[in-house]
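Excluded from the calculations below are hydrogen atoms, water molecules and symmetry mates; all remaining heavy atoms, backbone and side chain alike, are included. Note that the numbering runs from 1 along the sequence shown for the chain.
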Amino acid sequence: MNSRIITAALGCLFFIPSAGAQNKLLNSPLRKLQLAEFAISNLYVDAVDEGKLVETAIVSMLKELDPHSTYSDPEEVRKLNEPLQGNFDGIGIQFNMATDTLFVIQPVSGGPSEKAGILAADRIMEVNDTLISGVKMSMEEVMRRLRGKKGTKVNVKVLRKGVKELIPFTLKRDKIPVYSLDASYMVKQGIGYIRISRFAATTSQEFAEAILRLKQQGMKSLILDLQGNGGGYLNAAIGVVNQFLGKNELIVYTEGRRNPRAEFEAEGNGIFQQGKVVVLVDEFSASASEIVTGALQDWDRAIVVGRRSFGKGLVQRPIDLPDGSMIRLTVARYYTPSGRCIQKPYESIEQYNKDLIERYNRGEMVSADSIHFPDSLKRTTLKLGRTVYGGGGIMPDYFVPVDTTMYTNYYLALRNKGAIVQMNMKLVDRHREQWLKKYKTFHHFNHSFEVTKEMLDELVALGKELKVEYKEEEYLLALPLIKTQLKALIARDLWDMSEYFQTVNGLNHSISKAIELLEQPDFKFPVKK
């Protein structure tokens, strides 16, 4: 009886000319899905949320495809796009949330907060007469209250050191730039360093400007740091590679079942076509990072240092849905200039998600000897004929094992409980003016500042307050890391992110290896056979 009711109802909704056509239509996969949804929404014993049903069906279908075909609701779409668009609407501050208080690290230069007079070390206590401090409000909720469309206003009240009463400000929201270059500086004479955190809408321009600045400072060789870079826009990756390759040299090509081969070539107008290059990658370098690395390795334009990259070589096309949600559907694969597909296998999503753990378990993170590729995945580079492999990420030319000796359980507990960040905030709040007077430049700070025993004792005491059990042996093992991180955080708060990385990079073994290679007078590519 129910099936007759459904069929009759569907007959009202769709014009079906004949019984044969009706059967064909109703037996198609699409109509089968529509029929099931119609039956549930109209006949199920209880009321149902049709929107949720449809979302669940979409998610389930995409799970059957590959790990990177995904569905995002409207809010998730906004969060995904924002870091890649190059800007967002807001009040323009860098901040930390610690002990339920919003602590201003720095106002963004030229942004609404700086123009209004908000200062580093201010604490925003109220937003539009709503208390946000000491009420355990989530960071997402705080950001939702502070952000809004360009031109709209928000009222905040600020607690400032040395001022008894809260200071009111009315801020007019504006476009706030989001930068994709974390750092660019001269490591040593002749050697520059650039770290890209993601490939966003403004990355190509940011990268070109950084190259020009460093060349003006005497850069002859470059360390391009893509460690931890999960990817982003294809065009941004192409723009970065274009700075290194000659005219018409292939950067990447894509190909899929319904997408014919599309090639992307260098324009030949890059500003760093000469000079030594080392690219740094690790197991979290993915997608656009692997396109850049693969192109420079295939053309023998750069030496790659680090560990095998993630292995994401699938192309997603965004499909916008009417309610603002989006499907990211895999439509093709990326191939490096030598023809390598760097996508790792994905027989099941569960196994795919365990891949990095499996790399640790089988010893790949400490020895490259545990990695073996079949000859079928072998390719040769385009100028020197070196052997490279596809089928599971970009293999470095020089392997650098992961070093976890300083990441003791005690250190991890301090970090995870927020003790290191809170200690940094206390120190900067207490000594900012004194330190800025003493250390006129970051160079002076970097060479003279030391994390003292008193600071470390206070950190240990803070850890105990946060229920972190003190373990002396583990503390001593982690001490160089703790001191470096504290110093780096202080440098960030007194200056910016570039100074943070200049400090913390002192412990990065891949960077040390890159410097060692670039300082060799006979800088050569290793021969792989």
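- Here the shortest heavy-atom pairing between Ser204 and Ala236 reads OG-O, 3.5 Å.
- In this structure a side-chain-to-backbone donor-acceptor pair under 3.5 Å is missing from His443 to Lys440.
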Point to revise | Evaluation steps, side chain to side chain donor-acceptor pair (under 3.5 Å), between Gln485 and Tyr411 | key: CA-CA 11 Å; Gln485 286 206 335; Tyr411 161 77; 2.8 Å; yes
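- In the model, Asn505 has no side-chain atom that pairs as donor or acceptor with a side-chain atom of Arg195 under 3.5 Å.
- Counting non-hydrogen atoms of other residues, nucleotides and ligands closer than 6.0 Å to OH of Tyr407 gives a total of 12 or fewer.
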Practice item. Walk me through it: do Val279 and Val277 pass the test side-chain contact (heavy atoms from CB on, under 4.5 Å)? Key: CA-CA 7 Å; Val279 180; Val277 182; 4.3 Å; yes
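- Without hydrogens or angle criteria, Ser289 side chain to Asn229 main chain gives a donor-acceptor distance under 3.5 Å.
- Using the six-membered ring where Trp is involved, Phe373 and Tyr389 have ring planes that are parallel, under 30° apart on the 30 and 60° scheme.
- Listed for the Asp174 side chain is no donor-acceptor partner under 3.5 Å among the backbone atoms of Lys150.
- The CD1 atom of Ile105 sits 8.5 Å away from the CZ atom of Phe95 when rounded to the nearest 0.5 Å.
- Here the side chains of Gln297 and Ile394 are in contact, with some heavy-atom distance below 4.5 Å.
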Check your understanding: Is there a side-chain contact (heavy atoms from CB on, under 4.5 Å) between His431 and Leu427 once you walk through the steps?
Key -> CA-CA 6 Å; His431 301 293; Leu427 292 172; 4.2 Å; yes
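- Under a 4.0 Å N-O distance rule, the pair Glu263/Arg261 qualifies as a salt bridge.
- Within the 3.5 Å criterion, the main-chain N or O of Thr405 finds a donor-acceptor partner in the side chain of Asp403.
- More than 12 heavy-atom neighbours from other residues, nucleotides or ligands sit within 6.0 angstrom of CZ on Arg147.
- Scanning all heavy atoms of the two residues, the minimum distance from Val77 to Gly324 falls at CG2-O, 3.6 Å.
- Under 4.0 Å is where a charged nitrogen must lie from a carboxylate oxygen, and between Glu141 and Arg145 at least one such pair does.
- Contact record, Arg340 with Asp298: NH2-OD1, 2.5 Å, taken as the closest heavy-atom pair.
- In this structure, the separation between CG on Leu494 and OH on Tyr500 is 14.5 Å, given to the nearest 0.5 Å.
- The two residues Ser285 and Leu226 have their closest heavy-atom pair at OG-O, 2.7 Å.
- Atom CD in Gln351 sits 10.0 Å away from atom NZ in Lys344 (nearest 0.5 Å).
- For the 3.5 Å distance criterion, the side chains of Arg198 and Ser180 fail to qualify, holding no donor opposite an acceptor.
- When atom types are taken as modelled, the side chain of Lys215 and the backbone of Ile271 share a donor-acceptor pair closer than 3.5 angstrom.
- Arg308 places a side-chain heavy atom less than 4.5 Å from the side chain of Glu364.
- Formation of a donor-acceptor pair under 3.5 Å by the Glu290 side chain with backbone atoms of Ser287 is found in this model.
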Review point. Does the pair Ile420 and Leu489 meet the rule for a side-chain contact (heavy atoms from CB on, under 4.5 Å), with working shown?
Key: CA-CA 9 Å; Ile420 295 174; Leu489 288 168; 3.9 Å; yes
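- Using a distance-only test at 3.5 Å, with no hydrogens or angles considered, a donor-acceptor pair links the side chain of Asn353 to the main chain of Ile349.
- Side-chain atoms of Gln343 and Lys312, non-hydrogen and from C-beta on, do get closer than 4.5 Å to each other.
- With respect to Asp496 and Arg492, no salt bridge is recorded, no charged nitrogen being found less than 4.0 Å from a carboxylate O.
- Shown are Ile196, Thr293, Leu280; of these, the side-chain contact (heavy atoms from CB on, under 4.5 Å) with Leu224 is made only by Ile196.
- Distance alone, capped at 3.5 Å, places no donor-acceptor pair between the Glu519 side chain and the Glu516 backbone.
- Annotation: Arg362, atom CZ; neighbour count of heavy atoms from other residues, nucleotides and ligands within 6.0 Å is above 12.
- Between Arg386 and Asp397 the shortest side-chain heavy-atom distance falls below 4.5 Å.
- Taking CZ of Arg173 as the reference point, atom CG of Asp89 lies at 9.0 Å (rounded to 0.5 Å).
- To the nearest 0.5 Å, atom CD1 of residue Ile515 and atom OG of residue Ser510 are 11.0 Å apart.
- Results of the ring-ring contact (aromatic ring centres under 6.0 Å, His included) test with Trp495 over Phe445, Trp435, Tyr439 single out Phe445 as the only residue that passes.
- Side-chain atoms of Asn259 do not come within 3.5 Å of backbone N or O of Ala332 as any donor-acceptor pair.
- The shortest non-hydrogen separation linking Pro177 to Lys175 is CD-O, 3.9 Å.
- When side chains are defined from C-beta on, Val366 does not count as touching Tyr360, because their heavy atoms never get closer than 4.5 Å.
- By the 4.0 Å N-to-carboxylate-O rule, Lys383 lies too far from Asp300 to be salt-bridged with it.
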Practice item. Tell me, with the steps shown, if Lys487 and Glu450 meet salt bridge (Lys or Arg N to Asp or Glu O under 4.0 Å). Key: CA-CA 8 Å; Lys487 182 175 179 178; Glu450 292 289 341; 5.4 Å; no
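- Of the inter-residue distances, the one linking Leu384 atom CG with Lys524 atom NZ reads 11.5 Å to the nearest 0.5 angstrom.
- Separation of the Tyr193 and Tyr185 ring centroids falls under the 6.0 Å cut-off.
- The shortest non-hydrogen separation linking Tyr352 to Gly311 is OH-O, 4.0 Å.
- The number of heavy-atom neighbours closer than 6.0 Å to CD of Gln520, taken from other residues, nucleotides and ligands shown, is above 12.
- Side-chain contact between Ile93 and Ile124: present, with at least one pair of heavy atoms (C-beta onward) separated by less than 4.5 Å.
- Here the side chains of Arg307 and Val402 are in contact, with some heavy-atom distance below 4.5 Å.
- For the ring-ring contact (aromatic ring centres under 6.0 Å, His included) with Tyr253, the qualifying choice from Tyr334, Tyr335, Phe264 is Tyr335, the only one to do so.
- More than 12 heavy-atom neighbours from other residues, nucleotides or ligands sit within 6.0 angstrom of CD on Glu358.
- Looking only at distances, a side-chain donor or acceptor of Ser113 sits under 3.5 Å from a matching main-chain atom of Ile91.
- Residues Arg78 and Asp73 are not paired through a salt bridge, judged by the lack of any N-O separation under 4.0 Å between the basic side chain and the carboxylate.
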**Study point:** Stepwise side-chain contact (heavy atoms from CB on, under 4.5 Å) test for Val154 and Phe169
**Key:** CA-CA 8 Å; Val154 58; Phe169 292 93; over 6 Å; no
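- Contact of the Val281 side chain with the Gln227 side chain is not registered, since no non-hydrogen atoms from C-beta on lie closer than 4.5 Å.
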